Amino acid sequence: MRKALLALAISGVALLGTATPALAHNVLINSDPANGASVAKGPAKVTLTFDQYVQNADVNQIAVTGPDGSQWAEGPVTVENNVLSAPLRPLGPAGKYTVGYRVLSADGHPVSGEIPFTLTAAGNGTPAKGDAAKAAGAPAQSAPADSSSSSGVPIWVWIAGAVVLLAIGLTVALRTGRDPGSDKADQ
């Protein structure tokens, strides 16, 4: 019994020793315009910076909604490592604008959020037409991938390794826990 408990304890330590931090979703760390900012002139583009690289996928979107509900983003979303950007039309009425985004996180899960900012002086721009608003959600374009960026080891590799270690530990425990004389008694 002691050998089985020892083998189980060793297996548990090995299992915990191979555990890695959980893969986390991307987190927005910076934006232009900034969250809650007041700007006198609208930016030419929206730029979002995340803590990890963003996967280049069709789900990556940026939309900018004006105070009257109209759309101001125009053109394709571009992805370059951990930075997402989209061009904007010149903004129009003064008031609260909201940048909405949806990106495919480095771990494969979608992440979305909103960033409000205020335009303090009215511009002379006009909102995007229906076709332009669709273009803002079009498939993202990406710069060439940097070969040094890596998403890490997939979780299934760690799970498979833990299962193998557990199986080895149980096999060792069962084999060492047998009474040497019991093999002869079975014959």
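These numbers were taken from a predicted model, which means no experiment stands behind them.
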Pair Thr65-Gln71, side-chain donor/acceptor within less than 3.5 Å
yes
Side chains of Ser105 and Asn26: do they bring a donor and an acceptor to under 3.5 Å?
yes
Pairwise distance [atom1]([X]) to [atom2]([Y]) - rounded to 0.5 angstrom:
X      : Y     : atom1 : atom2 : answer
Leu119 : Trp72 : CG    : CH2   : 9.0 Å
Ser70  : Tyr97 : OG    : OH    : 6.5 Å
Lys96  : Asp68 : NZ    : CG    : 14.0 Å

Minimum heavy-atom separation for Pro67 to Ala94, with atom names?
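Pro67 and Ala94 have their closest heavy atoms at CG-O, 3.7 Å.
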Provide the closest heavy-atom pair for Gly75 versus Pro87 in the form atom of the first, atom of the second, distance.
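Heavy-atom minimum between the residues: CA-CG, 4.0 Å.
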Exam field: side chain [X] to backbone [Y], donor-acceptor pair closer than 3.5 Å:
X      : Y      : result
Arg89  : Ala73  : no
Asp51  : Val27  : yes
Gln55  : Ala106 : yes
Thr118 : Thr120 : no

Treating Ile, Leu, Val, Met, Phe, Trp and Tyr as nodes and any side-chain heavy-atom pair under 4.5 angstrom as an edge, say whether Ile62 and Val39 lie in one connected cluster.
yes
Side-chain touch [X]/[Y], heavy atoms, less than 4.5 angstrom:
X      : Y      : result
Ser112 : Val103 : no
Leu104 : Asn60  : yes
Val83  : Leu48  : no

Asn124 atom CG, neighbour heavy-atom count above 12 within 6.0 Å:
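Counting neighbours around CG of Asn124, 12 or fewer heavy atoms of other residues, nucleotides or ligands fall under 6.0 Å, so no.
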For side-chain contact (heavy atoms from CB on, under 4.5 Å), just list the numbers for Arg102 and Val59, CA-CA rounded to whole Å, side-chain angles, deciding distance to a tenth of an Å, and then say yes or no.
CA-CA 7 Å; Arg102 179 180 167 98; Val59 298; 4.2 Å; yes
Working note: Ile115 + Leu28, criterion side-chain contact (heavy atoms from CB on, under 4.5 Å); need CA distance, chi angles, decisive distance, verdict.
CA-CA 10 Å; Ile115 304 161; Leu28 183 69; 3.3 Å; yes
Given Leu84, which partner from the list Thr47, Thr49, Thr78, Val54 fulfils the side chain to side chain contact (heavy atoms under 4.5 Å, CB included) test?
Val54
Given side-chain contact (heavy atoms from CB on, under 4.5 Å), test Phe117 with Asn35 step by step and report yes or no.
CA-CA 6 Å; Phe117 70 96; Asn35 188 5; over 6 Å; no
Please walk me through it: do Leu88 and Lys45 pass side-chain contact (heavy atoms from CB on, under 4.5 Å)?
CA-CA 5 Å; Leu88 289 183; Lys45 69 178 182 175; 5.5 Å; no
